[in-house]
Every structure is written in C-alpha cells, then in structure tokens.
2 protein chains.
Amino acid sequence: MADPEPACPIAPVVDIVFSRWTTPILWALHEYGRQRFVELARRISTITPKVLTQRLRQLERDGMITRTYHPEVPPRVEYEITELGRSLAPLFAELAEWGAAHLDAVQRAREAYDADPTRP
Amino acid sequence: MADPEPACPIAPVVDIVFSRWTTPILWALHEYGRQRFVELARRISTITPKVLTQRLRQLERDGMITRTYHPEVPPRVEYEITELGRSLAPLFAELAEWGAAHLDAVQRAREAYDADPTRP
DNA sequence: CGGTATCCTTTACGATACTG
DNA sequence: CAGTATCGTAAAGGATACCG
C-alpha cells in the first residue's frame with residue numbers, strides 16, 4: 001500500500017490510532033482501566049467478537065495495549081493500555097474538546113449543504 | 001450505520017476528519033493555503049481525481065473547506081480551508097509531534113511482536 | 001470465557017477513459 | 001482544467017455458528 005502523502009506527517013499516526021473501532025477500544029481502556037475481553041465487548045456494544053479480536057491484535061502488535069492470559073477455568077484474558085498508548089491521552093482529550101465545541105457546526109454545515117437546491 | 005460507541009466522544013470527530021485521504025487534503029490546504037484542484041492532485045501525488053473529488057465534496061459538506069468556481073476558460077476552481085477546518089490546526093500539530101516522538105516505538109513494537117516465535 | 005471459522009455485504013479505493 | 005463515468009479490486013466490517 002503506497003503512502004497516501006509522504007509529506008503529511010500525521011498520516012502514519014492516523015493509520016495506527018484512528019479507525020472505526022481502534023479509537024473506542026483505546027478510549028475504553030484508557031477511561032475504565034484494565035478489562036477482560038467480554039467487558040470490552042459489552043462496553044462497545046455493537047462490535048462483533050471477530051472484529052474486536054482483530055483490532056485488539058493490531059493494537060497489541062503496535063504496542064498500544066498488552067494482552068495477559070490467565071490459564072484458569074474459565075480462562076481469563078485481560079487487556080490494558082501501555083505507556084505508549086497512554087501517551088495519546090492529551091490528544092484524546094483535545095479531540096473530545098474539539099468535538100464538543102465544533103460538532104454542532106459540522107451538523108449545521110451539512111444541513112445547509114444538503115438544503116441547497118442549486119446543487120445538482 | 002450504527003454508532004461505533006455512543007459513549008466514545010471522539011468517534012464522531014474521527015469519522016469527519018481522519019480517513020486515508022481527508023487528513024492529507026486538510027493538511028495540504030492548511031499548510032500551503034488556497035489551491036486549485038490540480039495543485040492538490042499533484043501535491044498528493046498518488047490520489048486519483050475521482051477519489052480527490054469525493055473527499056473534497058465530503059469535506060465541503062462538513063464545512064471544513066470551501067470550493068470556489070471561477071467561470072473562465074479554462075475553468076478555475078479553488079479550494080480553501082475554512083475557520084472550522086483551521087480550528088483543527090493545534091490538533092494536527094500535536095498529532096505530528098506525537099508521531100515524531102513515538103512512531104519509532106511503534107515500529108519497534110511491531111518488530112518485537114513479529115519476531116516472537118511463540119506466537120502461533 | 002475467549003475466542004475461530006465461514007460466508008457475505010459494504011465501502012473505500014484504484015485504473016482507465018472520456019467530456020464540458 | 002476540473003472533473004465524471006464505468007468498470008474492477010481489496011480490505012473492513014457484519015452475521016452466524018461453533019470450539020477448547
């Protein structure tokens with residue numbers, strides 16, 4: 001896969017951290033601490049186990065979270081955010097602030113755009 | 001499309017701003033100012049005109065950029081980032097900083113993960 | 001409990017050609 | 001120049017069922 005824009009320094013970061021499900025997963029682990037697989041699944045209620053596994057593996061590979069397997073019956077697996085993952089916290093806070101401040105403006109822009117009848 | 005995680009406040013922001021091409025487009029407009037279609041296309045060298053048009057329309061609809069059509073021959077269309085789009089600037093700067101500081105750690109994590117032979 | 005396996009749909013993206 | 005049209009591909013995601 002070719003680099004979208006070599007001169008854009010944040011494209012690689014986006015690739016690692018921001019997809020449909022990685023963001024909610026990292027948020028949940030950051031916000032509510034170490035959690036089991038099923039806890040995450042319940043919190044992110046619309047995700048399927050297959051996709052949850054896929055994203056967790058990717059985040060683990062990228063060093064953003066750790067996976068700890070406890071060989072009990074029934075098995076217990078815990079996920080936790082790493083220092084590297086936690087280093088995103090201020091960024092996440094700013095993103096949340098931006099959303100709170102500007103999401104309604106985006107919504108209004110959409111309505112204005114869609115309402116314009118001169119747009120074919 | 002169901003909301004990925006209603007309780008995750010940054011998911012909607014990610015949906016608007018961070019996709020493979022929207023980030024480089026916004027970055028280019030923020031960094032180099034008002035530009036024509038073909039200038040953007042050249043700067044983001046690997047994007048195709050179809051996809052560039054699609055992302056530009058979406059960003060315009062979301063109020064992040066403006067499109068100005070000058071009815072000349074040959075036609076001239078200029079894209080410019082809006083105030084709303086510009087409000088992302090500090091966020092982009094922080095993301096770039098995060099990348100500069102931590103991208104190598106991600107790379108090392110990947111290598112360590114891939115090199116572990118006990119992972120089936 | 002913590003996943004896999006299988007199959008399917010959606011969506012973004014891409015290649016190429018063409019037009020007002 | 002600034003797109004549009006029409007293909008096709010590929011990756012993400014979803015539904016459902018099943019397993020150690």
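Every chain is numbered from 1 and lettered A, B, ... according to where its sequence line falls, protein lines coming before strand lines.
- Between the CZ atom of B:Phe18 and the P atom of C:dA12 there is a distance of 17 Å, rounded to whole Å.
- In this model, the phosphate group of D:dC1 is not approached by any side-chain N or O of B:Tyr79 to a distance below 4.0 Å at OP1 or OP2.
- Separating the CD atom of B:Glu78 from the C1' atom of D:dC1 is a distance of 12 Å, rounded to the nearest angstrom.
- For the pair A:Arg76 and C:dG2, the criterion of a side-chain N or O lying under 4.0 Å from OP1 or OP2 is not met.
- Interatomic distance, CD1 of A:Ile81 versus CD1 of A:Ile25, reported as 11.0 Å (0.5 Å rounding).
- Between A:Ile65 and A:Leu29, the shortest heavy-atom distance links the atoms CG2-CD1, 3.6 Å.
- Residue A:Arg36 places at least one side-chain N or O under 4.0 Å from the OP1 or OP2 atom of C:dG2.
- Electrostatic pairing of A:Arg86 and A:Glu83 counts as a salt bridge here, judged by a charged N lying under 4.0 Å from a carboxylate O.
- Distance CG (B:Leu52) to P (C:dT16): 18 Å, rounded to an integer number of Å.
- Put simply, B:Trp21 has no side-chain N or O that comes within less than 4.0 Å of OP1 or OP2 on C:dT11.
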Atom pairs, protein N/O to nucleotides 17-20 of chain D N/O, distance under 3.5 Å:
none

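- For D:dG14, one of the phosphate oxygens OP1 or OP2 lies less than 4.0 angstrom from a side-chain nitrogen or oxygen of A:Arg20.
- Every residue meeting the side-chain contact (heavy atoms from CB on, under 4.5 Å) condition with A:Arg34, not counting sequence neighbours, appears here in chain and number order: A:Glu78, A:Glu80.
- The side chain of A:Thr48 approaches D:dG14 more closely than any other nucleotide in the set D:dG14, C:dG3, D:dA2.
- We find that CG of B:Asp15 is positioned 15 Å from C1' of C:dT10, with the value rounded to whole Å.
- Evaluation of the side-chain contact (heavy atoms from CB on, under 4.5 Å) rule for A:Ala105 yields A:Arg108, B:Leu84 as partners, not counting sequence neighbours.
- For the helix from C:dC1-D:dG20 to C:dG20-D:dC1, the terminal axes (five pairs an end, C1' atoms, rotation from four pairs onto the next four) enclose an angle of 50°, given to 10 degrees.
- One donor-acceptor pair, N or O on each side, does fall under 3.5 Å between the base of C:dG14 and the side chain of B:Lys50.
- For A:Gln107 and A:Glu111, the side-chain atoms include at least one donor-acceptor pair closer than 3.5 Å.
- Sequence neighbours left out, the pairs with a member in residues 50-60 of chain B that pass salt bridge (Lys or Arg N to Asp or Glu O under 4.0 Å) are A:Arg119-B:Glu60.
- With distances taken from any side-chain atom of A:Arg42 to the nucleotides C:dG3, D:dA15, C:dC1, the minimum falls on C:dC1.
- Between B:Ile25 atom CD1 and C:dA12 atom P the separation is 13 Å, expressed in whole Å.
- Between the side chain of A:Gln35 and the main chain of A:Arg43, no donor-acceptor pair closer than 3.5 Å is present.
- Contact detail for B:Ser19 and B:Pro24: the closest heavy-atom pair is O-CD, 4.4 Å.
- Listed by residue number, the members of residues 56-71 of chain B with any heavy atom below 4.0 angstrom from DNA chain D are B:Arg57, B:Arg67.
- At whole-Å resolution of the value, CD in B:Gln54 and C1' in D:dA5 are 12 Å apart.
- Between A:Phe37 and A:Tyr79, the angle of the ring planes lies from 30° to 60°, which puts this pair in the tilted group.
- The two atoms that bring B:Gly99 and A:Val13 nearest to each other are CA-CG2, 3.6 Å, heavy atoms only.
- Ring orientation note: the planes of A:His30 and A:Phe92 are nearly perpendicular, at an angle over 60° on the 30°/60° scale.
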